[in-house]
Amino acid sequence: MNRLDLANDIAQRILSALSKFYESDKRIKIRTAHISGVSYENIGDSGLIFLRDISEKGKFSVHTTINPMGADVYNNTFNLNEQFIKKQKEIAKAYLRMGAIESFTCTPYDYFLVPEKGNHVAWAESSAVVYGNSFLELYTNKESALSALASAILGEAIYSDMHIEENRRCSLSYKYEEKINELILGLLAYHVGKKAEKPFNIKLGRELSSLEKKSLAAALGSIGNVAVFKINDEGNVDRKVYEVLKKDLEKEYMELNTSEDGEIIVLGCPHWNHNEIFNFLKEMNGRSFKKDCIIACCKKAYENTIKIYDRKLLDKKRIYFFKGACPIFSPLLKELGVSKVITNSVKAAHYYKYRGIRVNLKELKDIIKTESE
Ligand code: F3S
């Protein structure tokens with residue numbers, strides 16, 4: 001078997017194994033794929049060796065974006081271990097060799113090809129999956145790094161679960177009638193995600209900003225299995241409506257807020273686009289942070305930002321960018337010697353907890369108010 005056949009054969013075997021899990025042999029053509037499993041922190045040497053081998057001949061047959069890396073390899077602003085950077089670059093090279101777009105982001109819907117609603121895709125990265133299904137009306141299961149890779153090669157996914165219309169119908173509804181912001185919405189999704197096992201509707205009092213949508217999708221993606229929800233969907237009026245109370249969210253907050261302060265600020269989980277960065281800088285209104293603030297974003301968002309804002313000035317304000325990288329699945333904090341962070345992201349708080357980092361969770365407005373001058 002030549003290497004091209006071998007790559008296709010591996011991809012076929014991955015999808016066949018998944019067929020057994022879903023009890024479905026049917027496949028569906030996909031328009032795009034989004035692959036996780038890019039950070040060397042997550043996949044280690046065995047992942048790197050696998051990618052090095054499969055990328056010798058394996059080629060993606062559809063538009064394929066890839067998740068953030070474990071470090072900003074573009075200029076290693078934070079002086080992370082050179083060995084880590086070297087291995088991370090090798091992983092990136094392997095994906096690019098197979099035809100991935102140089103995206104390195106968990107928000108592939110911001111700058112890259114987004115098929116029209118109703119199209120089927122194979123996305124890994126739970127926050128993007130929930131966002132794509134819920135806000136873009138794409139059809140995707142929560143793929144794993146391997147199944148998304150296989151789908152990217154073959155251009156198809158298993159026809160199951162979220163690809164089937166009837167599995168996406170909301171059978172229950174939640175309402176929350178208190179004031180909302182990006183943090184509260186994250187806590188709300190986290191709370192509901194622990195309880196709901198099927199797609200649901202949430203009744204909210206107003207339209208959401210892009211940051212708020214990302215926060216909701218990311219928090220829901222980090223907990224439970226639900227991969228699609230609706231907001232203010234008038235659909236089935238017979239649905240049972242459960243009310244979520246402020247005290248329910250306070251409980252979630254107590255679980256995730258494990259520190260009263262932090263040594264640095266981490267923003268951009270999920271990645272911010274340049275408009276979200278601009279809004280944040282406007283909100284800063286000329287103030288400077290009293291501690292370092294790291295914003296995770298893709299390279300394009302960074303480039304668009306520094307076309308408008310002077311990078312040296314941002315440095316002076318202690319605002320730095322972690323380009324094409326994820327500050328959570330990264331050796332970043334360990335290497336900086338940081339054990340407590342401030343963030344507005346429920347998803348970040350959820351995973352930092354497992355990584356032994358304490359978190360001070362605050363709404364973005366509060367972070368600006370209390371941590372800058
Ligand atoms: Fe993105 Fe990393 Fe958060 S991949 S959603 S910045 S955990």
Side-chain angles (χ1 to χ4, degrees), residues 34-43 47 65-73 78 80 88 91-92 95 100 103-112 123-135 140 142-145 148 182-183 185-187 189-190 193 210-224 227 256 264-273 276-277 280 293-302 320-334 338 341-357 359 361 364:
H34 179 76
I35 304 178
S36 60
V38 178
S39 169
Y40 177 63
E41 181 84 349
N42 282 352
I43 68 170
T65 46
I66 40 180
N67 239 15
M69 299 178 275
D72 177 347
V73 302
F78 302 97
L80 301 190
Q88 184 61 74
I91 293 171
Y95 278 118
S103 39
F104 300 114
T105 185
C106 42
T107 58
Y109 43 83
D110 266 341
Y111 293 100
F112 305 96
W123 285 8
E125 171 48 43
S126 62
S127 69
V129 168
V130 176
Y131 193 101
N133 276 326
S134 309
F135 296 115
T140 178
K142 260 189 193 179
E143 301 291 351
S144 67
E182 88 284 1
L183 173 59
L185 288 162
L187 292 169
Y190 199 71
S210 61
L211 263 196
E212 289 173 333
K213 288 179 182 172
K214 285 181 181 177
S215 176
L216 250 179
L220 184 65
S222 67
I223 194 117
L256 294 165
I264 63 164
I265 301 157
V266 173
L267 303 172
C269 170
H271 276 184
W272 282 2
N273 61 37
E276 290 155 352
I277 297 172
F280 160 73
C293 170
I294 296 172
I295 300 176
C297 62
C298 72
K299 191 165 156 249
K300 188 85 187 146
Y302 168 76
Y320 306 99
F321 295 90
F322 206 39
K323 301 180 292 301
C326 165
I328 289 85
F329 297 104
S330 163
L332 176 72
L333 298 189
K334 203 165 159 209
V338 166
V341 303
I342 298 163
T343 184
N344 64 340
S345 167
V346 165
K347 174 172 180 176
H350 172 81
Y351 284 109
Y352 274 142
K353 197 167 125 183
Y354 291 110
R355 295 177 64 85
I357 303 281
V359 172
L361 246 188
L364 189 58

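All of these numbers come straight from a predicted model, not from anything done at the bench. Atoms within a ligand are numbered from 1 in the order they appear, just like the ligands themselves.
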Minimum heavy-atom distance E125-S36, with the two atoms named:
N-CB, 4.1 Å
Out of C106, G268, S36, whose heavy atom is nearest to atom 4 (S) of ligand 1?
C106
Shortest non-hydrogen pair, F280 vs C293, comes out as CZ-SG, 4.3 Å
Has A218 got any heavy atom lying under 4.0 angstrom from an atom of ligand 1?
no
Rounded to the nearest 0.5 Å, what separates atom CG in L183 from atom CD in E212?
11.0 Å
Assess C269: does it contribute an N, O or S atom lying under 2.8 Å from atom 2 (Fe) of ligand 1?
no
Which atoms from ligand 1 have a heavy atom of K347 less than 4.0 Å away?
5 (S), 7 (S)
Tell me the nearest of P327, C326, P68 to atom 2 (Fe) of ligand 1, using heavy-atom distances.
C326
Does the side chain of S345 come under 3.5 Å of the side chain of T343 through a donor N or O and an acceptor N or O?
no
Are the side chains of I328 and R355 in contact, using a 4.5 Å heavy-atom criterion?
yes
